[in-house]
Amino acid sequence: MICITRIILLKLCALTLIVFSFGCDQSMTKPVMEVISPTDPPTKTPIQRAREAMERVNQRRTESLQKADTAGDYLVVFTDSEIILNEELAFRKAFWVELVDIYKDEKREDSTVLDGFASLEDRFARRLEENTLGKFYFEYIRTFDPLIIEYLRLSYVDPTETEEALLVRFRNSINDGKVTVTFPENF
């Protein structure tokens with residue numbers, strides 16, 4: 001019985017091969033369509049790259065704050081802030097503060113900006129007096145993320161520029177209205 005089954009299977013296989021070999025004409029041996037080479041993935045724009053970098057920074061800020069909440073010790077967020085900016089953006093210590101100072105200097109004639117800074121500084125001082133600044137520190141410095149994003153964008157546009165040249169271009173961006181800071185109402 002097993003031999004008969006094997007013989008039948010062999011005949012079916014042979015028949016199938018014969019049918020398919022005669023059933024295909026010469027045009028079927030050529031590909032139906034040409035293979036299309038994959039294109040390079042679209043490159044990200046400098047602003048997209050800058051925003052993605054800032055998203056990584058904010059993700060790490062969130063993780064740092066969660067650890068501080070768990071430990072009940074918010075002093076770590078101040079050092080973590082600088083570490084995160086250095087590791088993620090290669091910023092030297094307090095570089096983001098320089099960007100804020102440049103913004104403030106370039107907007108010294110704008111009363112809305114000056115009022116925003118004054119209000120933010122008052123709330124900063126109150127949080128400091130209440131000994132709750134660490135809990136709200138990342139919220140405070142996120143106010144200035146647009147400045148960091150603009151500086152990063154400029155650095156991605158021309159990665160060979162020196163810091164000095166990028167800061168000149170950063171000032172121009174501020175004066176051209178390409179970057180603005182929105183001060184939070186409830187810090």
Side-chain angles (χ1 to χ4, degrees), residues 42-66 68 74-187:
T43 56
K44 295 179 181 165
T45 65
I47 191 68
Q48 289 171 323
R49 291 178 60 203
R51 286 182 180 142
E52 285 179 0
M54 207 62 225
E55 285 175 24
R56 289 190 306 272
V57 167
N58 282 320
Q59 177 61 40
R60 289 196 52 197
R61 285 173 175 169
T62 300
E63 292 166 3
S64 173
L65 187 58
Q66 288 170 345
Y74 295 96
L75 289 177
V76 70
V77 298
F78 301 107
T79 54
D80 280 357
S81 177
E82 292 297 329
I83 291 168
I84 292 166
L85 291 173
N86 176 267
E87 290 177 356
E88 293 296 332
L89 309 178
F91 276 17
R92 59 185 158 71
K93 188 173 181 175
F95 183 68
W96 73 272
V97 176
E98 287 181 42
L99 297 177
V100 172
D101 288 342
I102 290 169
Y103 183 79
K104 192 173 185 180
D105 184 53
E106 293 301 313
K107 295 292 189 175
R108 66 183 169 272
E109 304 293 324
D110 187 333
S111 62
T112 305
V113 172
L114 295 179
D115 291 345
F117 270 107
S119 176
L120 190 62
E121 288 168 359
D122 287 346
R123 287 180 268 155
F124 183 92
R126 187 178 23 147
R127 295 283 186 192
L128 197 56
E129 286 174 7
E130 296 169 350
N131 201 26
T132 59
L133 180 61
K135 193 173 192 174
F136 298 96
Y137 184 68
F138 288 134
E139 184 181 333
Y140 164 75
I141 64 175
R142 278 189 179 122
T143 302
F144 306 108
D145 285 359
L147 303 177
I148 295 171
I149 290 170
E150 178 60 12
Y151 181 84
L152 290 173
R153 183 191 71 79
L154 293 169
S155 71
Y156 294 144
V157 166
D158 193 353
T160 60
E161 284 281 8
T162 65
E163 180 181 297
E164 184 179 293
L166 288 171
L167 289 175
V168 168
R169 293 178 65 196
F170 178 73
R171 284 182 187 275
N172 292 337
S173 288
I174 293 168
N175 292 321
D176 292 343
K178 292 181 181 176
V179 60
T180 57
V181 170
T182 304
F183 294 95
E185 295 291 323
N186 300 321
F187 160 67

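- Every residue was checked against the ring-ring contact (aromatic ring centres under 6.0 Å, His included) condition with Y156, not counting sequence neighbours, and none meets it.
- With salt bridges taken as basic N to acidic carboxylate O contacts below 4.0 Å, one links R171 and D105.
- Counting all heavy atoms, side chain and backbone alike, D145 lies closest to I141 at OD1-O, 3.6 Å.
- With T79 contributing its side chain and V76 its backbone, the two residues share a donor-acceptor pair below 3.5 Å.
- In this structure the side chain of T143 reaches within 4.5 angstrom of the side chain of V181, judged on heavy atoms.
- Only one option out of F117, Y140, F124 pairs with F183 in a ring pair (Phe, Tyr, Trp, His ring centres under 6.0 Å); it is F117.
- Using a 3.5 Å distance cut-off with no hydrogens or angles, the side chains of S173 and R169 do not pair a donor with an acceptor.
- Contact of the F91 side chain with the L152 side chain is registered, since non-hydrogen atoms from C-beta on lie closer than 4.5 Å.
- Side chains of R123 and R126 form a contact here, defined as non-hydrogen atoms less than 4.5 Å apart.
- Taking the six-membered ring for Trp and the full ring otherwise, Y137 and Y74 have centroids separated by 6.0 Å or more.
- Considering only heavy atoms from C-beta on, F144 stays 4.5 Å or farther from L99 through its side chain.
- Within the model, atoms CD of E63 and CD of Q66 stand 7.0 Å from one another, a figure rounded to the nearest 0.5 Å.
- Within the 3.5 Å criterion, the main-chain N or O of K135 finds no donor-acceptor partner in the side chain of T132.
- Contact between E82 and W96 at its shortest, heavy atoms only, is OE2-NE1, 3.2 Å.
- Taking CZ of F95 as the reference point, atom CG of L167 lies at 4.5 Å (rounded to 0.5 Å).
- Of the charged side-chain nitrogens involved, at least one lies within less than 4.0 Å of a carboxylate oxygen, so that R153 and E150 count as a salt-bridged pair.
- Within the structure, the side chain to side chain donor-acceptor pair (under 3.5 Å) test picks out the following pairs touching residues 174-184 (sequence neighbours left out): E106-N175.
- In this structure, the separation between CZ on R92 and CD on E98 is 4.0 Å, given to the nearest 0.5 Å.
- For the residue pair E52 and Q48, no side-chain donor N or O sits within less than 3.5 Å of a side-chain acceptor on the partner.
- Smallest separation of non-hydrogen atoms from V77 and G134: CG2-O, 3.3 Å.
- The two residues L114 and R108 have their closest heavy-atom pair at CD1-O, 3.0 Å.
- The side-chain heavy atoms of R60 and S64, taken from C-beta on, include no pair separated by under 4.5 Å.
- Test L166, V179, L89 against Y151 for side chain to side chain contact (heavy atoms under 4.5 Å, CB included) and you get one pass: L166.
- The OG1 atom of T62 lies 9.0 Å from the CD1 atom of I84; values are rounded to the nearest 0.5 Å.
- Crowding of E164 atom CD: a count of heavy atoms from other residues, nucleotides or ligands under 6.0 Å not exceeding 12.
- For the atom pair CD of E88 and CG of N58, the computed distance is 10.5 Å after rounding to the nearest 0.5 Å.
- For the atom pair CG (D80) and CG (L85), the distance works out to 10.5 Å, reported to the nearest 0.5 Å.
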